[in-house]
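Here the structure comes first, spelled out in structure tokens, and everything after it is commentary.
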Amino acid sequence: MSALHAPFRADTVGSFLRPAAIKQAREQHARGEISAEQLREVEDQAIRHVVEQQRANGLQVVTDGEFRRAWWHFDFFGDLNGVELFEAEQGIQFNGVQTKAHGVKVTGKVSFNPAHPMLDHFRFLQSIAGDAVAKMTIPSPSVLHFRGGRKVIDATVYPDLDAYFADLAQTYKDAIAAFYAAGCRYLQLDDTVWAYLCSGEQQEQIRARGDDPQALARTYAQVLNAALADKPADLTVGLHVCRGNFRSTWISEGGYEPVAEILFGSVNIDAFFLEYDNERSGGFEPLRFIKPGHQKAVLGLITTKTGALEDPEQVKARLQEAAQYISLDQICLSPQCGFASTEEGNSLSEAEQWQKIRLVVDIAKQVW
């Protein structure tokens with residue numbers, strides 16, 4: 001398996017099922033029964049174990065499983081300057097289920113907090129990673145705007161959204177620099193928005209609130225490229241395009257064609273993590289827009305939504321199918337998403353989770 005640097009032929013999106021000890025400790029902390037330090041000790045122990053498990057199952061890359069978070073995105077946003085979390089009227093609607101009711105709003109000038117707690121989260125992961133590459137995962141900048149749009153951005157602070165997007169790009173430019181200074185060489189931006197822009201139903205909702213899906217795509221591409229403008233050459237940044245992942249359910253459907261030329265053809269990311277675990281994801285034809293060279297397509301052909309194992313031969317056949325549109329040398333393999341984008345986790349067991357990881361590793365060894 002020849003990929004010696006990120007992304008790896010066998011890679012992972014990042015989150016893992018929370019062990020019972022963490023769920024219990026978080027509940028105890030919320031009730032005031034244990035201190036923040038005691039909670040952190042439980043988290044530290046669980047993260048050490050999940051790193052060991054990732055290495056034992058053959059991964060060259062490790063994450064902290066997002067074990068210190070309740071959500072894949074709100075926890076990061078809540079510690080940015082100018083951003084506040086709030087209790088929303090309703091949760092995020094998935095296919096047949098709704099999340100807890102939380103929201104995020106912009107109440108001041110947006111900037112990166114140099115004391116952001118996730119910098120320390122990364123430093124701890126790095127300290128226990130051994131000879132594996134430690135990957136940090138954070139939400140993409142477009143998510144902060146898209147979730148609520150104009151209505152959750154204080155108009156007295158940002159009467160002009162161009163100024164907001166400029167600050168958002170600078171915030172992420174500063175975040176990338178801060179994680180790099182902390183030792184991070186593999187950073188992943190998690191982004192549900194590009195998948196929403198592929199969905200006919202979601203596009204209708206976007207237009208209903210007064211936005212143009214194609215204009216948003218161009219804006220988000222500009223923000224990402226501005227944030228990445230001074231990225232160090234030895235830092236790999238990936239973008240995970242997520243179709244929704246909460247208790248094994250989903251939000252958006254539709255192939256990547258509506259955004260492919262803008263996303264794959266213009267965004268200067270190093271690796272696109274793409275969900276391809278079922279027919280909702282469409283075909284591989286949009287991969288033709290990924291430029292030859294260093295950019296990689298990490299294909300999420302292994303689902304995290306069920307414990308049933310995929311047929312390795314079918315997965316290998318799909319990799320060859322994708323290679324009709326992008327060089328096999330530019331392709332990697334991963335699960336389609338994390339196993340627990342929120343603390344509730346998906347509907348499979350920890351044993352099934354690790355079987356999925358071993359399957360990714362084994363197939364990658366055979367193909368590359």
Side-chain angles (χ1 to χ4, degrees), residues 3 5-8 11-15 61 63 66 72-73 76-77 118 133 135-147 165 168-169 171-173 175-176 179-180 184-199 216-232 235-245 251-252 255-277 281-282 284 286-287 289-291 293-301 322 326 330-338 341:
H5 55 80
F8 297 93
D11 217 303
T12 183
V13 171
S15 66
V61 54
T63 74
E66 301 181 5
W72 63 277
H73 55 336
F76 178 83
F77 290 145
M118 287 191 187
V133 173
K135 176 163 79 169
M136 189 65 190
T137 62
I138 62 174
S140 181
S142 55
V143 178
L144 183 60
H145 169 262
F146 183 84
R147 180 66 66 198
F165 285 121
L168 185 60
T171 297
Y172 270 78
K173 193 172 188 178
I176 290 169
F179 279 108
Y180 185 84
C184 182
R185 297 298 179 268
Y186 193 8
L187 182 67
Q188 180 178 294
L189 307 177
D190 293 322
D191 199 319
T192 53
V193 176
W194 292 99
Y196 289 2
L197 295 174
C198 294
S199 164
L216 282 183
R218 290 190 293 271
T219 296
Y220 295 150
Q222 291 166 1
V223 169
L224 282 167
N225 284 338
L228 295 165
D230 296 323
K231 180 184 75 68
L235 171 64
T236 298
V237 181
L239 183 76
H240 173 232
V241 180
C242 177
R243 298 174 184 278
N245 188 47
I251 293 180
S252 62
Y256 296 101
E257 198 68 36
V259 299
E261 189 166 7
I262 295 174
L263 177 60
F264 301 148
S266 72
V267 175
N268 299 320
I269 210 79
D270 297 309
F272 296 99
F273 282 73
L274 304 173
E275 300 200 354
Y276 269 113
D277 60 326
S281 305
F284 295 117
L287 300 179
F289 287 106
I290 297 179
K291 298 179 287 291
H294 85 281
Q295 280 186 319
K296 300 292 194 297
V298 186
L299 303 184
L301 298 172
I326 181 175
Q330 288 178 263
I331 296 175
C332 300
L333 180 65
S334 77
Q336 123 279 348
C337 195
S341 296

| task | Return the minimal non-hydrogen interatomic distance between Pro286 and Phe264, and the atom names on each side. | result | O-CD1, 3.3 Å
| remark: Those residues at least two apart in sequence (or on a different chain) that pass side-chain hydrogen bond (donor to acceptor under 3.5 Å, both in side chains) with Tyr172 are none
| message | Restricting to side-chain contact (heavy atoms from CB on, under 4.5 Å), what partner residues turn up for Ala322, sequence neighbours left out? | response | Phe284, Leu287, Leu299, Ile331
| Donor-acceptor contact present, side-chain Lys291 to main-chain Gln295, <3.5 Å | no
| field | Distance (rounded to the nearest 0.5 Å) between Gln222 CD and Ser142 OG | value | 13.0 Å
| message | Among residues at least two apart in sequence or on other chains, which ones pass side-chain hydrogen bond (donor to acceptor under 3.5 Å, both in side chains) with Asp190? | response | Gln188
| request: Could you check whether the rings of Phe165 and Tyr220 sit parallel, tilted or perpendicular, using 30° and 60° as the cut-offs? | output: perpendicular
| message | Between Val298 and Leu333, is there a side-chain heavy-atom distance shorter than 4.5 Å? | response | no
| Rounded to the nearest 0.5 Å, how far does CE of Met136 lie from CZ of Arg185? | 15.0 Å
| Any Leu263 side-chain heavy atom under 4.5 Å of Leu239 side chain | yes
| message | When you measure from the side chain of Glu275 to the backbone of Gly300, do you find a donor-acceptor pair of N or O atoms at a distance under 3.5 Å? | response | no
| Main-chain N/O of Gln336 paired with His240 side-chain donor or acceptor, under 3.5 Å | yes
| Would a distance-only check, ignoring hydrogens and angles, find a side-chain to backbone donor-acceptor pair under 3.5 Å from Lys135 to Thr12? | yes
